[in-house]
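Beneath this line is the structure, given in structure tokens, with notes to follow.
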Amino acid sequence: RFQIQRGKTDPTGYKSLGDCFRTIFQREGLLGFYKGIFPPILAETPKRAVKFFTFEQYKKLLGYASLPPGLAFAIAGLGSGLTEAVVVNPFEVVKVTLQTNRNAFTEQPSSFVQARQIIKTDGLGFQGLNKGLTATLGRHGVFNMVYFGFYFNVKNILPVNKDPNLEFLRKFGIGLVSGTIASIINIPFDVAKSRIQGPQPVPGEIKYRTCFKTMATVYKEEG
């Protein structure tokens, strides 16, 4: 919800995270927090399978290029993220459409009905079920590039601990830091994706059309 807000002048904007939670609960009920949950559940298994399978395949291919391990991990992560994005983008379009619907949970269409409506109205292309694909490619590509590159490089630098509890904490900490840094770096792509896939400011007019133009518009208007 925060990502589709258009600055402080947005009449439907939320003042803070707490205000967002209160408003959704008051207007849409407890189930309002779970709008659009079904598409991510459907996408989760193929997404994870594609991410880790392709990462290993890209890593093997890059092994023939005699690249430094750190660079190879980052490039393999980028490749896996780009591949993953192609799989998940249609699910993301449906999810964002459902989440930006401010009606009560029981009043909005199901995921399948929403998907059929998108296909019927706008088709399967870049205005329909694959809207915002470039931004999704950026989001997943950048995240996986930073995540895998940072995780495997730092994991190989920090010594393995013989204590299983401390070893778990070592890996957990590296994963936590990797995910945090990757999220901070890729969030502009995520905002652009939500603006493109979400409702436009003026019905019938497309303001947010491409990834980098959307980023430039957000930066110019909102900083």
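One is the number of the first residue; the rest follow in order along the sequence.
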- Message: Does Leu98 form a side-chain contact (heavy atoms from CB on, under 4.5 Å) with Gln108? I'd like the steps, not just the answer.
- Response: CA-CA 8 Å; Leu98 291 171; Gln108 72 171 19; 4.0 Å; yes
- Task: For side-chain hydrogen bond (donor to acceptor under 3.5 Å, both in side chains), just list the numbers for Thr121 and Gln117, CA-CA rounded to whole Å, side-chain angles, deciding distance to a tenth of an Å, and then say yes or no.
- Result: CA-CA 6 Å; Thr121 305; Gln117 182 61 41; 2.8 Å; yes
- Between Thr23 (side chain) and Cys20 (backbone), is there a donor-acceptor pair under 3.5 Å? no
Is the closest side-chain heavy-atom distance between [X] and [Y] below 4.5 Å?
X      : Y      : value
Lys35  : Ile24  : no
Leu124 : Ile119 : yes
Ile185 : Met145 : no
Tyr208 : Pro201 : yes
Phe112 : Leu42  : yes

Please find the pair of heavy atoms, one from [X] and one from [Y], that lie closest to each other, and give the distance.
X      : Y      : result
Ala115 : Val94  : CB-CG2, 3.9 Å
Gly175 : Tyr147 : O-CE1, 3.7 Å
Asp122 : Gly128 : CB-CA, 3.5 Å
Thr214 : Ala192 : CG2-CA, 3.8 Å
Val86  : Leu133 : CA-CD1, 4.3 Å
Thr100 : Thr97  : OG1-O, 3.2 Å

- Task: Salt-bridge test for Lys60 and Glu56: reply yes if a basic N is under 4.0 Å from a carboxylate O, no otherwise.
- Result: no
- Message: Under a 4.0 Å threshold between the charged nitrogen and the carboxylate oxygen, would Glu221 count as salt-bridged to Arg195?
- Response: no
- Task: Please determine which of Asn161, Asn156, Val154 meets the side chain to side chain contact (heavy atoms under 4.5 Å, CB included) test together with Leu158.
- Result: Val154
In this structure, would [X] and [Y] fall into the same cluster of hydrophobic residues linked by side-chain contacts under 4.5 Å?
X      : Y      : result
Ile181 : Val142 : yes
Phe25  : Tyr34  : yes
Phe148 : Val146 : yes
Phe150 : Phe52  : yes
Leu17  : Leu30  : yes

- Task: Would you verify whether the NZ or CZ of Lys59 falls within 45 degrees of the ring axis of Phe152 while also being under 6.0 Å from that six-membered ring's centre?
- Result: yes
[X] [atom1] to [Y] [atom2] distance, which is reported to the nearest 0.5 Å:
X      : Y      : atom1 : atom2 : value
Cys211 : Leu137 : SG    : CG    : 9.0 Å
Lys193 : Arg139 : NZ    : CZ    : 4.5 Å
Gln114 : Leu129 : CD    : CG    : 10.5 Å
Gln200 : Lys207 : CD    : NZ    : 9.0 Å
Lys213 : Thr134 : NZ    : OG1   : 12.0 Å
Tyr58  : Asn144 : OH    : CG    : 11.0 Å

- Item | Lys47 atom NZ: more than 12 heavy-atom contacts under 6.0 Å | yes
- Query: In this structure, are over 12 heavy atoms from other groups packed under 6.0 Å from Phe21 atom CZ?
  - Reply: no
- Met215 vs Val218, side-chain contact (heavy atoms from CB on, under 4.5 Å): CA-CA, chis, key distance, verdict: CA-CA 5 Å; Met215 286 185 184; Val218 173; 5.9 Å; no
- Going through the checks in order, is the side-chain contact (heavy atoms from CB on, under 4.5 Å) test met by Val160 and Arg170? CA-CA 8 Å; Val160 176; Arg170 181 184 77 97; 3.7 Å; yes
- Task: Answer with yes or no after comparing the ring centroid distance for Phe143 and Phe189 against a 6.0 Å cut-off, counting only values under it.
- Result: no
- Message: Walk me through whether Lys171 and Tyr151 qualify under side-chain contact (heavy atoms from CB on, under 4.5 Å).
- Response: CA-CA 9 Å; Lys171 291 181 178 178; Tyr151 180 84; 4.0 Å; yes
- Task: Could you tell me how the ring of Phe73 sits relative to the ring of Phe55: parallel (under 30°), tilted (30 to 60°) or perpendicular (over 60°)?
- Result: parallel
